[in-house]
Every structure is written in structure tokens, then in C-alpha cells.
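Predicted model, so just to flag it, every value in this text is computed and none were measured.
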Amino acid sequence: MQRRALGRTGLKVSEIAIGGIGPMGKYGPVAADGTSPRDPGRPSGAYRGNPHFEVAPEGFARTMARAEELGVNLLDTATSYGRSEEVFGHYLRDPAHRRNWVVCTKTGVCGSMGDGEALRSEEIAAQAEASLARLRIDEIDILLIHSVDQYGEGAGAIERILSSGMVEALERLKAEGKIRHYGVSGMLPELTAAVRTGLFDVALTYNTHNLLVRDAEQEFLPVAAEQDLGVLLAGVFHGGLLSGDAACQSLTAIERFYEKGDPGLHETARILEGARRLQELAGGGAAGLRRLGIRFALSNPAVSSIVSGIRSIAEIEENAAAVSQGPLSEDELVRLAEVTADLPEITWRSPAGA
């Protein structure tokens with residue numbers, strides 16, 4: 001497993017990572033034997049109206065162990081991902097495992113479009129302590145402010161974060177040895193504004209750079225490269241729409257998988273049509289399409305690691321096999337451009353335009 005520099009943090013991370021949505025149970029349960037049943041059964045809980053399913057920590061631990069064997073060393077989760085931190089913590093409680101992983105989690109909640117209240121310093125400190133307890137670790141490697149777009153639009157969101165003292169609170173946690181690095185997650189206008197400040201070490205973007213949606217290429221990824229920022233890329237399969245899986249839950253529950261401005265919500269048909277054409281380019285199979293998506297994402301050197309909501313050993317093995325083939329060659333990138341040239345543009349929209 002190749003590793004890439006996580007920007008200027010000094011950390012080296014595997015080209016693929018395990019995302020916390022899998023152990024949250026958003027895509028269905030993970031059974032005690034480490035397998036993920038095709039029938040997800042009934043939800044066991046919900047977060048902000050988003051149902052999730054029970055995940056057996058001992059089952060997911062088997063997937064973590066296999067990922068570790070394959071050289072994966074990065075995980076990304078969040079306070080608001082159900083019991084995700086606890087499921088990871090079941091594995092990380094063993095010091096022999098902990099030392100092999102870079103742990104990224106988030107402070108705050110999932111939010112969007114300016115609906116979030118800025119967090120007080122004591123709230124951020126309390127959330128970090130709770131995350132440490134659930135993860136069963138002594139130090140968080142990367143703590144991200146979750147969904148910066150919930151604090152306003154563009155640079156205004158970042159000004160609010162700064163004026164409220166949220167970044168100062170993160171600095172205190174760093175000085176206390178509770179966290180090593182901090183950053184942001186969310187939508188592109190706000191992420192790009194955050195990167196331009198030079199204050200953040202890592203940023204996570206989702207559904208903005210994949211086989212059919214290329215918004216991150218316009219400004220975010222170039223600015224991130226200039227700033228030597230660590231970039232975590234989620235949404236390579238766009239929540240399942242680019243997975244080649246006709247039975248994926250995102251097709252039957254669109255509104256709980258995508259934000260209002262996300263093309264997964266308002267351009268689903270176009271994404272699926274594009275996916276069918278790309279699957280033919282990839283050899284006709286769903287696994288080939290997924291492999292193409294991973295290799296394409298890694299073809300941009302600004303990307304540090306791909307975060308995917310893994311649920312099973314089979315999924316992590318498939319992703320690792322894709323990574324082993326390396327980024328797309330120049331010839332492959334040209335062919336990809338030819339296949340997608342006449343497809344309608346698929347891009348994020350503002351809520352008013354959705």
C-alpha cells in the first residue's frame with residue numbers, strides 16, 4: 001500500500017482510508033462475523049432524521065484487522081456518526097492496533113446552509129474529551145470542524161468560525177496534547193475560503209471530485225496544493241451512484257444521502273447514465289467501474305487519501321486491489337475524457353437552483 005504525505009502535517013497516510021459512515025450503519029448492519037448482509041433489516045436508530053443500523057464492533061474489528069494487514073492506516077469518523085467512534089474504539093483500545101492508525105474525527109454536527117450555531121470553547125473541549133473516550137485513545141491525530149458551510153456562506157463562514165473562538169479552542173486542545181492537527185470539512189466555497197487562511201492543516205471534501213463531478217478541480221484542489229494542505233477525498237462513488245450497484249440504498253433513499261445542492265439529489269438520472277457509459281469503458285462490470293473511480297481520484301497529486309464508507313473485508317480488499325494498479329495513465333485519462341466529453345455538466349447547485 002502506497003502512502004502519501006498528508007500535506008504539511010508530517011503524517012504519511014495510505015491512499016485509501018476507512019470512513020466512519022460504514023460503522024455508523026448508514027448503509028446497513030455489519031454482522032458479528034464481519035460480513036454485511038444484503039438485506040439491511042430495520043434501522044436501529046436515527047440521527048437528524050437519518051436512520052442507521054446496528055453494527056457489531058467485533059465484526060467490524062475483523063475488517064479493521066484486514067485493512068491493517070493491507071497497509072491501510074487512516075480512519076475518518078465523527079461525533080455525529082451514530083456509534084461510529086465506539087465501533088472504532090473497540091479495535092483501537094489495543095495499543096498494538098492504535099499505533100498503526102492515523103485517527104481523524106470531527107467536532108460539531110453535520111449541518112448545512114447556515115443553520116449551525118458556532119460552538120463555544122467549552123463545547124469543543126467537551127466534545128473532544130468525549131471522542132477520546134469513545135475512541136479509547138489518548139490523542140486525536142486530526143480534528144476537523146464538521147460542515148463549515150453550516151456557519152455561513154463562503155468567507156463569511158470562516159470569519160464566523162474565527163470570531164467565535166472556535167479555532168482558538170482547537171489551538172488550546174493542540175497545546176494540551178489532546179489533538180495533533182486540525183482542519184475543516186464541508187462544501188467547496190467554504191472549504192476554499194478556509195484553505196486560503198493558511199490556518200488549517202487538513203480539509204475533507206465530499207462528492208466534488210469523481211468520475212462525473214469535477215468541481216474541486218476548479219479552485220479547491222489547486223489552492224490546497226499551493227498551501228500544502230492535506231486533502232481527504234470522500235464521495236469517489238458519489239454515495240453509491242457511481243458504484244455500479246443497482247441495489248444501493250442511495251437509489252431508493254435519495255434525500256437522506258445527499259444535501260440540497262448535491263448533484264446526487266438533483267442530477268441522479270444523469271449520474272446513473274454517465275455511470276453506465278463509464279462502466280462499459282471499465283470493462284462492463286461494477287467492480288471495474290469502482291476500480292476506475294478510485295484510480296481516477298488518485299491521479300490528482302493534491303489528493304492525500306480517499307475516504308470510503310467500508311463495511312466489510314471484501315470491500316477493503318477490493319479498494320486495496322484498485323490502489324495497487326496505480327493512478328490512471330495519460331492514455332487512460334485521455335480515453336476517459338473522450339467518453340465523458342459529450343455528457344451534460346454535472347455540478348453542485350445552490351439551494352435556490354436545486
- Item | salt bridge (Lys or Arg N to Asp or Glu O under 4.0 Å): pairs with one or both residues in residues 71-81, sequence neighbours excluded |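 Those involving residues 71-81 are D76-K106.
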- Message: Is it the case that the ring center of F88 lies less than 6.0 angstrom away from the ring center of H97?
- Response: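 They do not qualify: ring centres at least 6.0 Å apart.
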- How about E330: does its CD atom have over 12 heavy atoms from other parts shown lying under 6.0 Å from it?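 Count not over threshold, so no.
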- Verify same cluster id: V334, L212 (apolar side-chain graph, 4.5 Å):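 As far as the 4.5 Å side-chain criterion goes, L212 and V334 are not connected within one cluster.
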- Query: Tell me, which pairs form a side chain to side chain donor-acceptor pair (under 3.5 Å) where one or both residues lie in residues 275-296, sequence neighbours left out?
  - Reply: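 As it turns out, the side chain to side chain donor-acceptor pair (under 3.5 Å) pairs with a partner in residues 275-296, which skip direct neighbours, are E273-R276, R277-D342, R290-E318, R295-E332.
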So, are [X] and [Y] salt-bridged, with charged N and O less than 4.0 Å apart?
{"X": "D141", "Y": "R98", "value": "yes"}
{"X": "E139", "Y": "K178", "value": "no"}
{"X": "K260", "Y": "E255", "value": "no"}
{"X": "K174", "Y": "E171", "value": "no"}

- Task: Before giving the answer on side chain to side chain donor-acceptor pair (under 3.5 Å), spell out for S312 and T63 the whole-Å C-alpha distance, their side-chain angles and the decisive distance to 0.1 Å.
- Result: CA-CA 6 Å; S312 69; T63 296; 5.8 Å; no
- Item | No-hydrogen, no-angle side-chain donor-acceptor test under 3.5 Å, E168 and S121 |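 No, no side-chain donor-acceptor pair sits under 3.5 Å.
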- Query: Cut-off 3.5 Å, side chains only: do D262 and N207 have a donor facing an acceptor?
  - Reply: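 There is such a pair between these side chains.
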- Message: Working note: R196 + E226, criterion salt bridge (charged side-chain N to carboxylate O under 4.0 Å, His left out); need CA distance, chi angles, decisive distance, verdict.
- Response: CA-CA 9 Å; R196 289 192 182 282; E226 291 173 5; 5.2 Å; no
- Item | Check: M166 and I124 side chains under 4.5 Å, non-hydrogen atoms |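 Yes, side chains in contact.
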- Message: Walk me through whether E85 and S131 qualify under side chain to side chain donor-acceptor pair (under 3.5 Å).
- Response: CA-CA 7 Å; E85 288 183 326; S131 289; 2.8 Å; yes
- Task: Check the angle between the aromatic planes of Y206 and W348 and answer parallel, tilted or perpendicular using the 30° and 60° thresholds.
- Result: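 The rings of Y206 and W348 stand perpendicular, inter-plane angle above 60°.
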- Enumerate the residue pairs fulfilling ring pair (Phe, Tyr, Trp, His ring centres under 6.0 Å) with a member in residues 274-308, sequence neighbours excluded, ordered by first and then second residue.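 Sorted pair list: H209-F296.
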